[in-house]
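Here's the structure, in structure tokens; my notes come after.
Here is the naming used below: chain letters follow the sequence lines, and residue numbers restart at 1 for every chain.
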Amino acid sequence: MSDIPKAYEPQNFESKWYQRWLDNESFKADPSSSKPAFSIVIPPPNVTGVLHMGHVLNNTIQDILARKARMDGCEVLWLPGTDHAGIATQVVVEKRLKKEQGQSRHDLGREKFIEKVWQWKEKHGGIIIDQLKKLGCSCDWSRERFTMDEDYSRMVAETFVDLYNKGLIYRGKRMVNWCPVSRTALSDEEVIMKEQRGYLYYFKVEIIEEPGTFLTIATTRPETIPGDSGIAVNPKDPRYAKYIGKHVLRPLPRELPEDQKHIPIVADEHVDFEFGTGVLKVTPAHDKADFEIGERHSLEVIEVIEADGTMSDAAGADLKRLERFKARKEASKLLEELGLLVKEEPYTNNVGFSERADVPIEPRLSEQWFLKYPSAEAAKSIVDSGELQFYPDRWTKVYDHWMDNLQDWCISRQLWWGHQIPVWYRGDEVKCQVDSPGSDWTQDPDVLDTWCSSWLWPFATMDEATFNKFYPTNVLVTAPEILFFWVARMIMAGLEYKQVKPFETVVLHGIVRDGKGRKMSKSLGNSPDPLDLISQYGADALRFGIMRSTPRGQDTLFDEQNVELGRNFCNKLWNACRFRQMHGGETEGELNDSLLTSDDKWILLKLGQAIDEIDASIKEHKLNEATNVLYRFFWSEYCDWYVEASKAILYGEDEQQKANALAVIDFILSNVLRLLHPFLPFITEELWQGMGYANELPKEQGGFTIMNARWPKAFDQDFRDCYSLDDCYLEFVDAKYALIREGRNLRAEAGIASNKRVRFVMKNSREIMEHDASVLRGLLNAEPLDIDPEFEAPQGTPNVHSELGDLYLPLEGLIDFEAEVIRLTKEVEKIEKEIEKANAKLNNPNFASKAPPEVVEEHRKRLTEWADKLSHNQKNLAAAKAALS
RNA sequence: GCGCGGUUAGCUCAGUGGUAGAGCACUACCUUGACACGGUAGGGGUCGGAGGUUCGAACCCUCCACCGCGCACCA
């Protein structure tokens with residue numbers, strides 16, 4: 001392995017291993033397996049989408065869970081696929097059509113247009129799938145599904161028919177959220193409220209029955225005045241109660257004969273008399289609340305805004321054909337001309353925007369299909385009872401709130417790309433069935449909301465055998481953004497159609513934001529291309545970086561430095577393995593308990609602790625915590641301390657000891673590689689194979705790929721007994737390393753370069769074994785290191801006091817006493833502060849009487865330790881001062 | 001308006017009652033036989049504010065401020 005590159009170069013092996021996993025169907029799930037099942041369905045990305053950082057986070061989490069489950073011995077299904085994304089995809093293709101051929105979809109016709117979309121899908125739909133492969137995702141690609149697949153589509157239609165027959169689907173003319181750009185209805189969830197700066201227009205209207213008496217009305221939408229069919233006041237409002245039943249003259253359209261512009265003043269509780277003037281204009285055709293008022297008082301519905309957001313003929317000659325916002329300005333001008341405009345006041349209000357098109361939605365009366373949610377009660381209680389668990393748990397509350405306020409779901413969309421509604425018409429006859437009743441029947445032109453197909457995803461993607469083995473899935477990993485859109489609806493669909501929850505747990509992770517906390521978006525240009533990052537740093541580095549910086553359930557502030565950190569980690573791992581290889585010898589020799597050094601036991605114990613912590617973190621879905629433990633164990637504990645300490649043996653003479661040290665190293669590394677594999681699939685496979693750890697294992701337990709290697713087990717008592725892994729070794733070695741740190745500090749304070757060998761003397765208070773002495777010698781870069789319990793140091797010799805004894809740095813006349821005095825003074829001050837703190841507590845009689853005895857004892861112990869240190873340092877300080885004078 | 005998160009070192013974040021932590025960044029030294037994508041040592045925090053509970057609060061309670069998000073909404 002000596003001619004392998006010094007630095008980690010992931011491009012040399014990532015695609016190689018991925019291809020090998022594919023060739024050997026390592027990701028393929030076998031429904032007939034006797035192993036316990038573990039399954040995940042991917043949140044299907046938009047078929048025309050490209051990979052962004054959010055996908056990286058989402059899919060890395062899923063891959064970690066899938067790979068971990070394989071190593072736990074599960075039969076794993078990670079089912080991939082894509083979503084047809086109705087509006088988004090249709091818009092993309094429409095734009096392209098316009099650009100390339102100057103045509104609209106209407107020019108082409110429905111059939112031809114849909115053909116175009118399919119062509120687009122065939123050409124671009126695979127992009128994101130390939131990108132997921134680059135990331136290392138271990139999906140069962142043989143089961144890749146698309147929401148417009150034939151069998152999937154059939155199930156969508158069958159579901160519609162079933163819900164229709166159950167009376168849960170109905171058609172009705174209702175106020176819906178209308179997107180004038182996409183020209184389709186939207187569900188409430190697709191509307192985003194945004195603050196908008198505008199004006200509150202105050203205008204007056206004359207009361208017909210009392211000429212000369214005017215009422216002033218405040219509105220943000222003067223352009224809808226031609227659509228007003230009433231004026232509402234609160235019946236309890238003393239200012240206006242007397243006018244109820246009378247009429248006012250609606251000022252617009254101007255040209256309409258006056259008698260056609262008389263509209264009634266009605267009494268309605270909805271009116272808030274605190275707001276504006278307490279007089280409300282009622283536009284039943286263009287406002288949800290107004291529509292309801294209109295229904296209560298049988299007001300006329302006058303449509304003044306068309307589907308495309310322009311004003312209709314009914315808006316009058318002045319406004320018709322004007323775009324709605326131009327019409328607003330125009331209307332205010334007209335009011336002014338009529339002498340009716342009282343004032344315009346700047347005003348900020350919330351306006352619903354279309355999520356996709358990012359334009360204000362228009363409340364609009366139209367004929368749509370609605371769904372009353374099925375199994376809603378059960379869906380709520382299954383989460384409340386904890387039978388279906390959200391991580392983090394706080395989302396349960398958000399879910400509950402939504403479930404408690406369910407509104408019927410508007411499921412029809414005036415689009416062409418999607419599942420066409422399986423309802424057929426012939427004259428007045430209506431039939432709801434999957435297949436056409438005959439050639440003289442015409443199908444409803446609308447398609448279903450995309451979510452009305454993807455809510456079936458967890459089971460509609462599975463054939464019978466797959467379903468029997470893998471449903472319900474174990475975990476769904478997604479972002480809280482689609483908790484209502486998708487998660488809640490899947491729960492309802494699963495319960496309604498399979499009588500079983502679709503997943504055991506839902507992991508809700510945050511959004512990936514840029515360094516300034518902004519959401520990453522194409523328009524801001526603040527989203528790095530994950531593929532660039534992969535080619536620059538490697539997929540493993542990207543995965544590790546993003547996982548390490550993602551707190552559970554909180555947003556991730558993405559910084560490329562995190563990826564660099566991942567790359568550096570991989571490089572460290574790479575070189576740690578190179579180091580092992582350089583020393584040759586037998587791979588994974590037997591551990592010999594009689595030869596284990598204190599350092600060996602220490603690192604084994606630390607490994608055991610790390611395994612426990614990692615298992616616990618993964619169980620709680622705190623993957624960043626698991627990543628941090630791996631980082632700490634491998635880098636700080638293994639590389640910084642154990643490997644450095646083991647050099648005392650590896651560069652020594654004792655061949656038996658050497659072989660044993662290598663066995664320990666192999667033991668640790670083979671565990672580390674397995675623990676890291678779910679996070680870093682590529683480099684761990686490369687090293688697993690390269691180090692020869694695969695060699696003697698059965699094929700299905702890591703012999704062929706680390707993917708199937710056994711996940712490291714927490715150490716049991718037998719293991720600990722077998723190698724005498726007593727916790728006292730942790731304490732001893734910790735003390736040894738603490739001493740080394742202090743000794744190095746002495747060197748640094750004395751200005752001795754770390755590569756310069758220098759004499760240390762250890763005046764030991766405990767027995768120091770030859771091995772421990774050589775570790776001290778090595779890590780202190782001491783030459784020589786004298787061990788002498790009787791050592792009498794010349795006055796003022798810098799030294800540190802430790803559990804194992806005192807360590808002197810005799811400088812033979814070169815001591816900088818002035819620096820020593822400064823160092824020791826600082827040290828003494830620090831210690832005095834600590835003693836003060838401990839004393840303050842212990843001297844408080846309440847502390848002694850009320851605190852638990854072990855805490856009091858602990859403080860006493862602490863105090864003696866500090867006092868011991870203090871006297872030692874004071875002695876040294878006095879000596880240094882004496883030498884100075 | 002209601003609800004949920006957050007506020008700890010320059011930055012990103014751990015830390016649920018008992019000695020304030022990590023990584024990055026920073027400073028100094030070091031190309032020593034795995035790794036400069038590295039090593040060693042070091043500096044740096046009145047834990048958002050104010051009260052309260054407690055022997056003891058970053059942690060528990062109350063109120064407030066600011067940031068983010070969700071829901072609702074008065075035209």
Side-chain angles (χ1 to χ4, degrees), chain A residues 6-8 193 200-201 217-221 224 232 270-283 287 289-290 293 347 349-350 392 394-395 397-398 401-402 405 480-481 483-484 510-511 513 515 517 537 541 548-551 553-559 561-562 564-583 622 624-625 628 631-632 635-636 639-640 643-644 647 650-651 740-741 744-749 751-757 779 781 833-834 837-838 840-841 844-852 854-856 858-859 862 866:
Chain A
K6 241 170 87 163
Y8 155 71
M193 299 307 279
L200 204 49
Y201 302 84
I217 301 172
T219 180
T220 53
R221 302 201 64 186
T224 62
H270 170 81
V271 180
D272 174 2
F273 45 91
E274 302 280 310
F275 187 87
T277 60
V279 184
L280 174 67
K281 71 186 212 43
V282 183
T283 325
D287 184 280
D290 287 8
I293 295 174
Y347 182 66
N349 66 335
N350 284 325
R394 62 189 155 90
W395 292 107
K397 217 168 168 176
V398 180
H401 185 253
W402 189 75
N405 294 283
E481 288 175 299
L483 186 61
F484 313 139
I511 293 167
R513 298 175 179 278
Y537 298 101
R548 194 162 183 279
S549 60
T550 300
Q554 269 173 252
D555 289 354
T556 303
L557 292 194
F558 180 77
D559 187 334
Q561 276 190 339
N562 294 325
E564 201 177 319
L565 173 106
R567 193 264 322 261
N568 294 353
F569 183 82
C570 291
N571 184 62
K572 189 79 176 175
L573 181 62
W574 183 263
N575 279 290
C577 288
R578 270 181 79 223
F579 174 76
R580 160 64 186 93
Q581 289 258 313
M582 279 172 35
H583 289 89
K622 293 180 178 173
N624 68 316
E625 200 174 271
N628 281 328
Y631 188 96
R632 184 204 70 211
W635 202 311
S636 308
C639 290
D640 289 351
V643 171
E644 294 306 320
K647 283 176 181 174
L650 294 173
Y651 292 121
I740 289 166
R741 237 186 238 120
R744 284 166 169 175
N745 177 251
L746 274 186
R747 296 176 57 117
E749 296 283 347
I752 299 165
S754 57
N755 62 340
K756 198 177 162 203
R757 293 191 173 171
L779 297 194
N781 206 13
K833 255 193 213 160
E834 294 295 341
K837 272 196 328 204
K841 280 203 170 180
N844 181 345
N846 286 326
F847 178 70
S849 59
K850 297 198 179 170
E854 64 271 20
V855 173
V856 178
E858 147 74 27
H859 278 75
R862 205 184 295 163
W866 284 118

Does any donor-acceptor pair link the side chain of K397(A) with the base of rC4(B) at a separation under 3.5 Å? no

With hydrogens left out and only the distance checked, is there a donor-acceptor pair under 3.5 Å joining R567(A)'s side chain and the base of rC37(B)? yes

I'd like to compare against my own output: the B/S/- annotation of nucleotides 54-60 of chain B with a strict under-4.0 Å heavy-atom distance to protein. -B-----

Under 4.0 angstrom, heavy atoms only, what part of the nucleic acid is V271(A) near: base, sugar-phosphate, or nothing? base

Is there a side-chain contact between N568(A) and the phosphate of rG38(B), meaning an N or O under 4.0 Å from OP1 or OP2? yes

Looking only at atom C1', what distance separates rU12(B) and rG18(B), rounded to whole Å? 28 Å

Whether F275(A) and Y347(A) hold their rings parallel, tilted or perpendicular, with breakpoints at 30° and 60°: perpendicular

Base, sugar-phosphate, or nothing for N745(A), non-hydrogen atoms under 4.0 angstrom? sugar-phosphate

Would you indicate what L280(A) reaches in the nucleic acid, counting non-hydrogen atoms under 4.0 angstrom: base, sugar-phosphate, or nothing? base

Using Watson-Crick or G-U wobble geometry with both distances under 3.5 Å, which nucleotide pairs with rU62(B)? rA50(B)

Hey, does R580(A) reach any base, or is it just sugar-phosphate, or nothing, if we go heavy atoms under 4.0 Å? nothing

Under 3.5 Å, which N/O atoms of the protein pair with N/O atoms of nucleotides 21-25 of chain B?
| residue | atom | partner | partner atom | Å |
| --- | --- | --- | --- | --- |
| rG23(B) | O4' | R548(A) | NH2 | 3.3 |
| rG23(B) | O2' | R548(A) | NH1 | 3.4 |
| rC24(B) | O2' | Q561(A) | OE1 | 3.0 |

Taking salt bridge (charged side-chain N to carboxylate O under 4.0 Å, His left out) as the test, write out the residues that go with E644(A), two or more places apart. K647(A)

Report which part of the nucleic acid R862(A) touches: base, sugar-phosphate, or nothing (heavy-atom distance under 4.0 Å, all strands). base

Would you indicate what Y347(A) reaches in the nucleic acid, counting non-hydrogen atoms under 4.0 angstrom: base, sugar-phosphate, or nothing? sugar-phosphate

Return yes if the base of rA75(B) and the side-chain atoms of E274(A) contain a donor-acceptor N/O pair under 3.5 Å, otherwise no. no

